[in-house]
Structures are given as C-alpha cells and as structure tokens.
Amino acid sequence: MASKVTFKITLTSDPKLPYRVLNVPESTPFVHVIRFACQEFKVPASTSAILTKEGVGVNPNQTAGEVFLKNGSELSLIPRDRVGSC
C-alpha cells in the first residue's frame, strides 16, 4: 500500500476561509491535487495558485510527497486574479 500525505487547503479569497482536507498518495503529481482542490471550491484551476503559510508560491511540477516534505500540510488556494489586488 502506498504512503499517503494529508493537506489542509484553505480558500483565502473567501472571507469565511473554507478549507478542505485532502489525503492523497505521495506519488500523486501535485498539479492533480491543485485541480481537485479547485473543483471542490468551484474556482478555475487555470487561474489559481497554491501558497504556503508564509505566502510563498508552490511549484506544481512535483509530487504531493515532495510538496509535503518541503512545505508542510497547511496550504492556501488563491485565485490569481486576486493576487496583488486592493
């Protein structure tokens, strides 16, 4: 059985800060995790980004296990049209 990692992804563009907990195999491409999270929050994946708690963008071209080891389990999802807006 493959090892799994768990992410708590928060939608930061919503004032209520809803979140989803995703449990995925370590070998899952992180871009698939992003797409699934976007579907759950009903935001477009093509214009969304994942950030760490420190506000640093996460490169989607790695596995879920690599992201977990480098950034931990708490991540934020933000639609890119909201980045830098006032």
Ser48 OG to Arg35 CZ distance, which is reported to the nearest 0.5 Å:
12.0 Å
Begin from the C-alpha positions of Asp14 and Phe41 and carry the test side-chain contact (heavy atoms from CB on, under 4.5 Å) through to its verdict.
CA-CA 10 Å; Asp14 186 328; Phe41 289 118; over 6 Å; no
Nearest heavy-atom neighbours spanning Ser13 and Pro79
OG-CD, 3.5 Å
Exercise: do Thr6 and Asn23 side chains pair donor with acceptor under 3.5 Å
yes
Rounding to 0.5 Å, atoms OG1 (Thr12) and OH (Tyr19) come to a distance of 16.0 Å
Determine, step by step, whether Leu51 and Ile78 satisfy the side-chain contact (heavy atoms from CB on, under 4.5 Å) criterion, reporting the C-alpha distance in whole Å, the side-chain angles of both residues, the deciding distance to 0.1 Å, and the verdict.
CA-CA 8 Å; Leu51 304 177; Ile78 183 168; 3.8 Å; yes
Separation between CD (Glu40) and CG (Leu11), nearest 0.5 Å, reads 11.5 Å
Straight-line distance of Leu77 CG to Ile50 CD1, nearest 0.5 Å
4.5 Å
Here the pair of heavy atoms bringing Val5 nearest to Glu26 is CG1-CG, 3.7 Å
Test side-chain contact (heavy atoms from CB on, under 4.5 Å) applied to Ser73 and Lys8, step by step:
CA-CA 6 Å; Ser73 63; Lys8 177 183 175 186; 5.5 Å; no
Once rounded to the nearest 0.5 Å, what's the spacing between atom CZ of Arg20 and atom CD of Gln39?
12.0 Å
With Phe30, which residues qualify under ring-ring contact (aromatic ring centres under 6.0 Å, His included), at least two apart?
Phe7
Check for me, please, whether Val31 and Leu22 land in the same ILVMFWY cluster - side-chain distances under 4.5 Å, paths through other members count.
no
Do Val33 and Ile9 have side-chain heavy atoms sitting under 4.5 Å apart?
yes
Gln62 to Val67 - nearest heavy-atom pair and separation:
CG-CG2, 3.5 Å
Linked, directly or transitively: Val43 and Phe36 (ILVMFWY side chains, under 4.5 Å):
yes
Can Thr52 and Val58 be said to form a side-chain contact (heavy atoms from CB on, under 4.5 Å), step by step?
CA-CA 7 Å; Thr52 65; Val58 174; 3.8 Å; yes
